[in-house]
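These notes concern the structure reproduced below.
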Amino acid sequence: MAEPARQGDKIRCDACPVMCYIAPGRAGACDRYANEDGNLVRVDPLVIIDKTIEAGGEVVPFLDKGPDWDGEIINPDDSFVTAIGAGTTYPDYKPAPFIVSRKVDGVDMITVVTEGIFSYCGVKVKIDTDRHLGPERSLVRVADEPVGHVTTAEYGSQMLSLGGVHHLTGGGKKEGRVTCQTMLDLCNGKAVEATIDEGSTIVIQAGAAPIVNGVREERMRVGCGSATVGMFASQWHGLVDEVVVVDDHITGVISEHQAGKVLNWQPTGIKINGRRSTPGRYFQVADPGTGWGGTNIDDPLTILGDFNPKFAKPGQSLLMVSTTGEQFAYYELDDDLKPVGRDMPARLMKSVGLIEENCEPALCTVLFMGGAGGSLRAGVTENPVKLTRSVKHALTRITCGGAPAYVWPGGGITIMSDVTQLPDNAFGYVPTPALVAPIEFTMRREDYEALGGHMKHVMLLEDARKGTRATQSDHVLAGQTSTHSKSGVPWPTERSHFGWSRKDGKP
Ligand code: SF4
């Protein structure tokens, strides 16, 4: 059994490069380890995902019960030891704190668990809104410190890239600290308020609606303006002479659009102030903003030029609507062919309602992204590159707190995980600064042996659940808690995750 170094009654935690000396009854700088009666204790409970219980099981202390605790009857197929609360071994060549074995469907499986310290990590944030949050490449700030930037927008969503090694290590001390705290809060499901240079103030929280400039976003747009015209053209046919769907990216005009042509829509002489891309599709009708369809306009008529008298007629009707259906206006042309606002006719309300109905709720999605292809691998194997190969060959499955991790193709092991799929408060930090994230590597025993695994440190799952300290660990665990995996999260050891379960050897 490894023992921590001591200085008087203080004990040294060497789970990260900070190497705190911790006095009795006190915690280390990250609050993850404490000195309890001379034991170095990982204070948060080890989280076990258990198929048989409801979420939020009780914490069972190990220290009180000790090795005599007989625990409950364990069916290994029903339990998965996550790395949450397992602790970290440092430096990296030391085997991970727990390497557990169990039979799954008759197959001898091994899971290596560790709370990885990620200096190279970030979060990717998808914010379902059309509203302009700030120009691409603008800095995102928290407490005035730069913590990331606005990156390429996606379909119906604005994207932020936050954290990363440059903000953690490349700026001032405060920048690193605030960046780490921002990532920690977002990964643990807390709300974070950020400001964007030349843009908005936004409150981000994983799984919750974004709040932009103090306004809670309700809906994600149904599509771009052109797509909206394409989707609902037949609903408008015969009810109105012209429809314009206002959008910052592609504004759609039904009489010119292919969807209108197919329905034999007649020309209306409308003129859009923007760059015509293809028939009925216009770019740059206004500047980006937080108004109609992610533009800066509150009055949609500002995007129209004069109607062409060759086609336009007095009394001609016009519906203008945004891509979420939240904004809409109805006009009729007067004798001078100028649009005049009128009450929205009941016959068109259904189609506007249909746009709203087809919009999904606006959410913030937070993906943790980290590099597990560096020294962390040495806690799994003496030959790190073999682990990388094993992951690429689908012999080793990576999970974060039991939740799936997408492994990027190419070199290294760069993973991404949806933070809402992990158990609550799965992430921690150390003041180097770096984020601490749970990571598990699961594989067959023979595959673990083949990649040069730390075989003599393998212990039975039952022993880990009883609180038995692994020989390579110098800390003890305060307790364990069982939780149900989140809805829709695949069971981490399911056979279908592994290449060997398929005829072609691929997952
Ligand atoms: S910061 Fe935390 S993990 Fe690092 S040495 Fe101190 S107590 Fe241990």
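Residues: numbered from 1 along the sequence shown. Counting starts at 1 for both ligands and their atoms, in listed order.
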Suppose I only count heavy atoms of [X] and a 4.0 Å limit; which atoms of ligand 1 are within that range?
| X | answer |
| --- | --- |
| P431 | 1 (S) |
| A15 | 3 (S) |
| C20 | 1 (S), 5 (S), 6 (Fe), 7 (S) |
| M19 | 5 (S) |
| R32 | 3 (S) |

Exercise. Where the side chain of N188 meets the backbone of F427, is there a donor-acceptor pair that is under 3.5 Å apart?
Worked result: yes

Exercise. Has the side chain of H475 got a donor or acceptor atom that lies under 3.5 Å from a matching backbone atom of A86?
Worked result: yes

For this session: Would you check if there is a donor-acceptor pair between the side chains of R377 and T388 at a distance under 3.5 Å?
Result: yes

Exercise. Charged N to carboxylate O below 4.0 Å: is that the case for R42 and E115?
Worked result: yes

Problem set entry | Pair D447 + R445, salt bridge at N-O below 4.0 Å | no

Among all the protein's non-hydrogen atoms, which is closest to [atom], and how far away is it?
| atom | value |
| --- | --- |
| atom 8 (Fe) of ligand 1 | C13 SG, 2.3 Å |
| atom 4 (Fe) of ligand 1 | C16 SG, 2.3 Å |
| atom 7 (S) of ligand 1 | G28 CA, 3.5 Å |

Exercise. Are R26 and Y21 in a cation-pi setup, meaning NZ or CZ lies under 6.0 angstrom from the ring centre and within 45 degrees of the ring axis?
Worked result: no

Exercise. In terms of ring plane angle, is the pair F498 and W500 parallel, tilted or perpendicular, where the classes change at 30° and 60°?
Worked result: parallel

Problem set entry | N, O or S atom of C30 closer to atom 8 (Fe) of ligand 1 than 2.8 Å | no

